[in-house]
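Numbered from 1 within each chain, the chains take letters A, B, ... in sequence-line order.
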Amino acid sequence: MEKFVRHTGKAVAMDLANIDTDQIIPKQFLKRIERSGYGEFLFYDWRFTPSGELIEDFVLNRPEAEGASVLIAGDNFGCGSSREHAPWSLHDYGFRVVIAPSFADIFYNNSLKTGLLPVRLSAEDVSTLAGRSKDKPEYAITVDLEAKSVSDSLGYLKTFEIDDFRKYCLMNGLDDIGLTLQHESSISEYEESSRQTQPFLAFS
Amino acid sequence: MKTLYDKIWDAHIVHSESGKPSLLYVGLHLVHEVTSPQAFEGLRLNGRKVRRPDRTYATVDHAIPTKNRNLPFADPIAAKQVDTLRQNCKDFGVQLFDLDRIEQGIVHVFGPEQGLTRPGMTIVCGDSHTATHGAFGSLAFGIGTSEVEHVLATQTLQQAKAKNLLINVDGDLPFGVTAKDVILAIINRIGTAGGTGYVIEYAGSAIRSLSMEGRMTVCNMSIEAGARAGLIAPDESTYEYLNGRAFSPKEDDWDNAIEYWKTLPTDDGAMFDRTVEVDAAELAPFVTWGTSPEMSVTIGERVPDPAVIADENKRKSYERALEYMDLEPDQNIESIPLDRVFIGSCTNSRIEDLREAAKVVRGYKINSSVNAMVVPGSMQIKRQAEAEGLAAIFEGAGFEWRDAGCSMCLAMNDDVLAGGERCASTSNRNFEGRQGRGGRTHLVSPSMAAAAAIAGHFVDIRDWRFKEI
């Protein structure tokens with residue numbers, strides 16, 4: 001997994017609650033067997049007309065959104081399916097951080113395994129940052145994972161909550177499977193104990 | 001004193017230490033073609049194996065066609081995805097219930113049907129509707145592809161424990177009100193993020209009175225209320241359903257299993273972090289009008305008027321939804337004309353769902369303006385429905401009778417709404433474009449969908465004239 005330590009980048013705001021995974025990456029693009037290359041399909045139905053032409057007034061298509069890497073969104077971002085293609089597509093498009101008042105559980109979890117940092121801030125703070133990004137085309141936000149802080153050049157500075165273990169994994173780009181396999185003997189013991197105490201539940 | 005969730009959780013801890021997520025053992029891992037290829041590829045790149053092929057079962061459901069399956073797929077990308085799963089299952093020793101098998105079906109339909117799903121078990125799948133299996137008192141939830149790889153390699157998952165939410169549905173369900181209406185009512189009440197951070201336990205006399213099929217419908221849509229998992233305590237209905245199924249324990253093992261399963265229900269006095277009470281007697285058939293499963297009304301109500309909503313964000317989202325759905329404020333739900341009807345999906349494609357729908361359809365023809373189809377949840381259900389004469393009722397009325405798969409629930413295959421088409425659907429999500437770009441989805445129960453197919457618009461199933469033939 002790609003490490004995440006600190007990131008400064010241009011912010012873009014999508015003022016909607018409940019942005020679901022079907023919007024983030026429509027299902028017709030889930031048939032690929034690769035993990036990369038989903039960026040061009042991000043928010044496809046909002047970015048392009050049915051005939052494939054750019055919808056110019058969609059926020060990500062505006063010239064000022066070019067190069068944005070911090071996405072600001074509404075409540076319950078990423079609700080819907082468990083498709084990891086959603087954080088893959090955001091990351092592949094160039095986003096490194098999503099800031100929202102709340103996230104759907106599975107999306108939040110998947111993002112942390114993709115190197116995309118989901119940051120929860122209060123609805124009021126999200127609204128402040130969204131307002132600034134709309135007022136100022138080159139508005140940038142800095143997210144420092146070590147300090148668990150979000151800041152900008154206009155004096156905004158707030159901390160956010162993240163599980164310490166997830167923070168550690170992200171900052172070091174650690175592979176979950178490798179970490180779990182350090183407990184291989186515990187897994188074997190668990191399996192052996194289940195075999196002994198509940199043989200009737202074995203699959204044969 | 002522990003809840004059902006606490007008990008299952010505690011029984012599956014492999015390792016825990018403070019400040020880190022627990023390592024939870026996974027009893028059953030279900031795999032399908034869409035969210036697994038990158039996970040198997042990850043194993044290959046790292047020289048890893050599937051740790052427990054005997055606890056890993058695969059089928060194809062999401063991207064496959066539901067007709068002419070003997071022919072090569074029209075979609076070469078979907079074909080490649082299915083072929084990749086076949087190769088992965090072969091290379092890693094995983095049993096695959098492929099298109100030529102009677103067991104093949106939607107992953108959350110075939111698991112319980114084959115007796116792979118059991119009370120007290122932990123079940124994961126790279127699909128958010130895995131909570132369906134919670135109907136059996138299994139802790140079941142959807143995971144992403146990185147976690148699929150993690151489970152394949154280690155048979156465990158790194159998990160933080162969720163909070164306990166009790167939803168008590170007491171009383172008798174009125175005629176015409178189904179399990180689907182119960183869960184739509186719950187989502188309407190607590191909102192699509194209402195269950196975020198919780199595992200839901202559904203309890204109360206109305207839940208106990210549901211068949212296993214009905215319980216699966218309720219648990220299935222837990223994720224639409226934001227909860228990763230929903231549970232119902234096992235009881236006699238659960239044991240009766242599982243007894244004799246292909247993978248269910250047999251003979252002495254069966255008796256021992258039941259003895260264990262009877263220890264699972266929540267202890268009297270166990271603490272829940274939150275409790276929601278629902279009065280079953282007050283429920284009515286639901287229809288969603290918007291682009292989120294919480295945007296619903298009962299059949300007698302009207303489309304809401306955003307103008308009267310004080311909260312600005314909510315008002316904006318209502319306005320946007322009405323525009324997408326092409327509906328007017330205060331419009332009568334029964335006046336909404338339909339182009340398509342879809343009966344299927346992991347929510348409502350089981351034999352009982354098809355029986356309920358067929359009861360409504362018997363003796364009628366579908367409306368000439370409607371194109372309707374029934375997609376059974378598994379090939380076994382399809383054959384059973386044919387043997388019971390249900391297929392003849394559907395086909396006689398003008399429904400298309402398809403092969404098993406996810407089909408138009410997510411429209412990954414060619415079962416897709418055209419732009420502007422409006423569909424009464426027994427599936428679980430009415431998001432923008434869910435069933436096809438520009439398509440408009442109204443979520444309803446199987447009997448409401450069947451009645452809508454015949455009338456050409458929504459009708460109140462409680463007033464339906466059932467024909468006995």
Heavy-atom side-chain contact between B:Met412 and A:Lys31 under 4.5 Å: yes
B:Thr154 side, atom OG1; A:Ile187 side, atom CD1 - distance, nearest 0.5 Å: 5.0 Å
Choice from B:Ser317, B:Pro21, B:Gly19 maximising heavy atom contacts with chain A below 4.5 Å: B:Pro21
NZ or CZ of B:Arg118 within 45° of A:Phe203 ring axis and under 6.0 Å: yes
Heavy-atom side-chain proximity of B:Arg429 to A:Ser81 below 4.5 angstrom: yes
Contact origin within B:Leu116 toward chain A - heavy atom pairs under 4.5 Å: both
Interface moiety of B:Arg434 toward chain A, non-hydrogen atoms closer than 4.5 Å: both
Residues A:Leu201, B:Trp261; criterion side chain to side chain contact (heavy atoms under 4.5 Å, CB included); working and verdict: CA-CA 11 Å; A:Leu201 293 181; B:Trp261 295 340; 4.1 Å; yes
Residues A:Asp176, B:Lys20; criterion salt bridge (charged side-chain N to carboxylate O under 4.0 Å, His left out); working and verdict: CA-CA 12 Å; A:Asp176 275 358; B:Lys20 291 190 182 176; over 6 Å; no
Which of B:Thr145, B:Asp252, B:Leu410 touches chain A most, by non-hydrogen pairs under 4.5 Å: B:Thr145
Residues B:Asp127, A:Arg83; criterion side chain to side chain contact (heavy atoms under 4.5 Å, CB included); working and verdict: CA-CA 7 Å; B:Asp127 187 277; A:Arg83 60 188 75 158; over 6 Å; no
Heavy atoms from other residues, nucleotides or ligands near CD of A:Glu192 exceed 12 (cutoff 6.0 Å): yes
Flag, side chain of A:Lys27 to backbone of B:Gly433, donor-acceptor distance under 3.5 Å: yes
Any donor-acceptor pair under 3.5 Å from A:Gln23 side chain to B:Glu432 backbone: yes
Toward chain B, the part of A:Asp75 with a non-hydrogen atom under 4.5 Å: neither
Top contributor to chain A interface from B:Glu251, B:Glu294, B:Gln81 [non-hydrogen pairs under 4.5 Å]: B:Gln81
Segment of A:Gln198 engaging chain B (4.5 angstrom heavy-atom cut-off): side chain
Residue B:Thr156 versus chain A: region with a heavy atom under 4.5 Å: side chain
Chain A contacts, top residue of B:Asp54, B:Asn428, B:Leu23 (heavy-atom pairs, under 4.5 Å): B:Leu23
Side chains of B:Thr196 and A:Tyr108 in contact at under 4.5 Å (non-hydrogen atoms): no
From CZ (B:Phe141) to OG (A:Ser82), nearest 0.5 Å: 12.0 Å
Contact leader toward chain B among A:Asn76, A:Asn110, A:Ile33, where contacts are heavy-atom pairs under 4.5 Å: A:Ile33
Separation between OG of B:Ser128 and CG of A:Asp105, rounded to the nearest 0.5 Å: 12.0 Å
Proximity breakdown for B:Tyr260 and chain A, heavy-atom pairs closer than 4.5 Å: side chain
Spatial distance of atom OG1 (B:Thr291) from atom CG (A:Asp20) [nearest 0.5 Å]: 8.0 Å
Closest approach of B:Ile223 to A:Gly80 (non-hydrogen atoms, all atoms of both residues): CG1-O, 3.8 Å
Stepwise salt bridge (charged side-chain N to carboxylate O under 4.0 Å, His left out) test for B:Arg52 and A:Glu191: CA-CA 10 Å; B:Arg52 294 297 298 266; A:Glu191 288 175 330; 3.3 Å; yes
Residue pair A:Asp45 / B:Arg437: nearest heavy atoms and the distance that separates them: O-NH2, 2.9 Å
Part of A:Ser188 within contact of chain B (heavy atom distance under 4.5 Å): both
Chain B contact via A:Pro26 - which portion, at a heavy-atom distance below 4.5 Å: neither
Test log, rule salt bridge (charged side-chain N to carboxylate O under 4.0 Å, His left out), inputs B:Arg51 and A:Glu184: CA-CA 11 Å; B:Arg51 184 180 176 90; A:Glu184 208 280 330; 2.6 Å; yes
Greatest number of heavy atom pairs closer than 4.5 Å to chain B - which of A:Asp164, A:Asp163, A:Thr49: A:Thr49
Option in B:Glu147, B:Lys250, B:His62, B:Lys316 with maximal non-hydrogen atom pairs under 4.5 Å from chain A: B:Glu147
Residue, of B:Gly438, B:Ser36, B:Ala153, B:Ala411, that accumulates the most heavy atom pairs under 4.5 Å with chain A: B:Ala411
Euclidean distance, A:Asn109 CG relative to B:Ser146 OG, rounded to 0.5 Å: 9.5 Å
Minimal non-hydrogen separation, A:Ser186 against B:His15, with atom names: OG-ND1, 4.2 Å
B:Gln158 side chain to A:Thr180 side chain, donor-acceptor N/O pair below 3.5 angstrom: yes
Chain A contact via B:Asp75 - side chain, backbone, both or neither, heavy atoms under 4.5 Å: side chain
Derivation and outcome, salt bridge (charged side-chain N to carboxylate O under 4.0 Å, His left out), residues A:Lys113 and B:Glu149: CA-CA 11 Å; A:Lys113 300 185 190 249; B:Glu149 183 180 339; over 6 Å; no
Proximal component of A:Tyr190, with respect to chain B [non-hydrogen, under 4.5 Å]: side chain
From A:Phe200 atom CZ to B:Ile258 atom CD1, the distance as rounded to the nearest 0.5 Å: 11.0 Å
Contact class of B:His12 relative to chain A, heavy atoms under 4.5 angstrom: both
Minimal non-hydrogen separation, A:Leu30 against B:Val34, with atom names: O-CG1, 3.6 Å
CA sep, side-chain torsions, deciding dist, call: B:Arg48, A:Leu181, side chain to side chain contact (heavy atoms under 4.5 Å, CB included): CA-CA 11 Å; B:Arg48 288 168 178 149; A:Leu181 287 175; 3.9 Å; yes
Proximity breakdown for B:His150 and chain A, heavy-atom pairs closer than 4.5 Å: both
Segment of B:Asn256 engaging chain A (4.5 angstrom heavy-atom cut-off): both
Closest non-hydrogen atom pair, B:Gly144 against A:Glu84: C-OE1, 3.3 Å
Chain A contact via B:Gln435 - which portion, at a heavy-atom distance below 4.5 Å: backbone
Which portion of A:Phe103 sits near chain B, non-hydrogen atoms under 4.5 angstrom: backbone
B:Glu41 versus chain A, the contacting section by heavy-atom distance below 4.5 Å: neither
Side chain / backbone / both / neither for A:Asn18 at chain B, heavy atoms under 4.5 Å: side chain
Atom of B:Gly142, atom of A:Ile106 and distance for their closest heavy-atom approach: O-CD1, 3.7 Å
